[in-house]
Amino acid sequence: MPRGGPDAARWDRWFETDRAEYLDRPDTPDEGRRVLRGLDRFQRLTLGYRSFCRLTLQQVRGDAAPEILELGAGLGGLTRRLVDRHPTARVTVSDVDPGVVGAVRRGPLGAHPRVTPAVLDATAIDAPDGAFDVAVLTMSLHHLSPPGVVALLDEGTRVARRLLIIDGWRHPAYLAVAPLLWLTGGRPHVHDGLISLRRLYSASALHALAGAGTAAVTVRTRFVPPGYLVAVATRAVGDRRPAGDGPHDRRSADAGPHDRRTADDGPHDRRTADGGPPPPLTPGLLP
């Protein structure tokens, strides 16, 4: 399926690319590390972490001590902000790359009493059913193939009451961010950033993939300025097993001792069928 959705326009299909990012290539570890540092600078400079934190905490309003799972965390910038902003939140900060998680574990987050670093695959999460209040994946959805997105939706809604996905909004006008990518991470960051923008999923694609899994997953999507696709995925009540009653009872050795985890949605009620109002972009910028 095209990343622009099953009814993607011809220009959108031309815009898409299968080129691999440095972060997804085992033969470019040095470039991948530079990209991670560039991404961290970019999100701090553009106040991305602040937006991600606000959107995540909206999902756990009213919970005295929420359990949060960050997937694909990279250097853990969102987790740092979450534990700073919420005095009782406990966060499992995870990534599929053991080297990345090792670096987090050796840093300040590894010594934080409310943070547990873990090596976890977002498409096959080694955690019990219903273990978290919310699972969150930011700026990483485009790294997954369509079957990987289906697996993420199934797994994320299995281990958490809600799965929050934040990624870029699919539109070629956002290629204009290239100079800022250069300033924050040089050539490797520009390379990966421009590929990422061409591999983003649209809201319609995410809705279509939500119906392709084994679980009854519902996805609500919307546009959040300046250019984010925000999705909240949940399972039907009858399709959820109680914690510890499913096939994923064995926690990873890295996953920590957190046993209880639930959630609430944010205050945004108005959504169109395709996920909210489109961004104020100029059609004339289309290639």
Side-chain angles (χ1 to χ4, degrees), residues 1-18 43 46 48 51-52 54-56 58-59 71-72 122-123 134-157 160-177 193-213 215-236 263 265-283 285-287:
M1 184 188 68
R3 298 203 175 203
D7 299 320
R10 182 175 297 178
W11 69 260
D12 190 280
R13 296 168 190 252
W14 288 341
F15 179 64
E16 186 173 330
T17 181
D18 290 328
Q43 299 304 346
T46 62
S51 297
F52 305 158
R54 173 178 57 82
L55 292 165
T56 302
Q58 284 175 358
Q59 303 299 317
L71 299 163
T123 65
V134 63
V136 57
L137 178 77
T138 64
M139 310 310 292
S140 296
L141 183 69
H142 57 275
H143 290 286
L144 301 177
S145 65
V149 174
V150 173
L152 165 72
L153 292 169
D154 281 354
E155 282 290 274
T157 57
R161 287 280 300 275
R162 295 180 190 271
L163 168 66
L164 173 65
I165 299 171
I166 306 170
D167 211 1
W169 188 269
R170 183 176 179 80
H171 198 289
Y174 286 115
L175 294 173
V177 77
L194 297 185
I195 292 175
S196 293
L197 290 168
R198 297 175 63 186
R199 291 174 62 84
L200 293 170
Y201 287 94
S202 69
S204 62
L206 199 53
H207 283 286
L209 292 170
V217 176
T218 299
V219 175
R220 291 189 293 169
T221 57
R222 56 192 173 97
F223 171 78
V224 172
Y228 299 122
L229 169 66
V230 175
V232 177
T234 56
R235 284 198 188 197
D265 195 13
H268 304 277
D269 300 319
R270 184 176 61 84
R271 298 173 178 85
T272 61
D274 64 353
L281 299 172
T282 305
L285 293 176
L286 303 184

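Position 1 is the first residue of the sequence; numbering continues from there.
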**Student:** Run the side chain to side chain contact (heavy atoms under 4.5 Å, CB included) test against Ser202 and tell me which residues pass, sequence neighbours left out.
**Tutor:**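 Testing Ser202 for side chain to side chain contact (heavy atoms under 4.5 Å, CB included), a comparison that skips the adjacent residues, returns Arg170, Ser204, Ala205.
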**Student:** Is it true that a side-chain atom of Asp167 and a backbone atom of Leu200 form a donor plus acceptor pair closer than 3.5 Å?
**Tutor:**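 No; judged by distance alone, with no hydrogens or angles, the pair does not exist.
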**Student:** Taking side chain as C-beta onward, heavy atoms only, is Leu194 less than 4.5 Å from Leu197?
**Tutor:**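 In contact.
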**Student:** Locate the shortest heavy-atom distance separating Met139 from His142; write the atom from each residue and the value.
**Tutor:**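 What the structure gives for the nearest pair is O-CE1, 3.2 Å.
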**Student:** Do the ring planes of Tyr174 and His171 sit parallel (below 30°), tilted (30 to 60°) or perpendicular (above 60°)?
**Tutor:**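 Tyr174 and His171: perpendicular rings.
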**Student:** Which pair of heavy atoms, one from Ala231 and one from Leu206, lies closest together, and at what distance?
**Tutor:**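 Taking Ala231 first and Leu206 second, the nearest heavy atoms are CB-CD2, 3.5 Å.
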**Student:** Calculate, to the nearest 0.5 Å, the distance between atoms CZ and CG belonging to Phe52 and Leu164 respectively.
**Tutor:**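 Reported value, rounded in 0.5 Å steps: 10.0 Å.
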**Student:** Once you round to the nearest 0.5 Å, how far does CG of Leu55 lie from OG1 of Thr138?
**Tutor:**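 It is 10.5 Å, given to the nearest 0.5 Å.
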**Student:** To the nearest 0.5 Å, what is the distance between CG (Leu144) and CG (Leu137)?
**Tutor:**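 One finds 7.0 Å between CG of Leu144 and CG of Leu137.
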**Student:** What distance separates Ile165 CD1 from Leu152 CG, expressed to the nearest 0.5 Å?
**Tutor:**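 With rounding to 0.5 Å, CD1 (Ile165) is 5.0 Å from CG (Leu152).
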**Student:** Of all heavy-atom pairs between Ala135 and Gly156, which one has the smallest distance, and what is that distance?
**Tutor:**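 Closest pair (atom of Ala135, atom of Gly156, distance): CB-O, 4.4 Å.
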**Student:** Could you grab the distance from atom CZ of Arg222 to atom OH of Tyr228, nearest 0.5 Å is fine?
**Tutor:**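 Taking CZ in Arg222 and OH in Tyr228, the distance rounds to 13.0 Å.
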**Student:** Minimum heavy-atom separation for Ala210 to Val219, with atom names?
**Tutor:**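 Where Ala210 meets Val219 most closely, the heavy atoms are CB-CG2, 3.5 Å.
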**Student:** Look up atom CZ in Arg235 and atom CG in Leu163, then write down how far apart they are to the nearest 0.5 Å.
**Tutor:**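 Here the rounded value is 10.5 Å.
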**Student:** What closest approach, in Å, do Ala8 and Arg13 show between heavy atoms, and which atom pair accounts for it?
**Tutor:**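 Heavy-atom minimum between the residues: O-NE, 3.0 Å.
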**Student:** For Arg3 and Pro146, indicate whether the former's side chain and the latter's backbone hold a donor-acceptor pair under 3.5 Å.
**Tutor:**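 Checked: no pair found.
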**Student:** Please report the closest heavy-atom contact between Arg162 and Thr234, naming both atoms and the distance.
**Tutor:**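 Smallest interatomic distance, heavy atoms only, reads NH1-CG2, 3.5 Å.
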**Student:** Does Tyr201 form a side-chain contact (heavy atoms from CB on, under 4.5 Å) with Thr221? I'd like the steps, not just the answer.
**Tutor:** CA-CA 12 Å; Tyr201 287 94; Thr221 57; over 6 Å; no
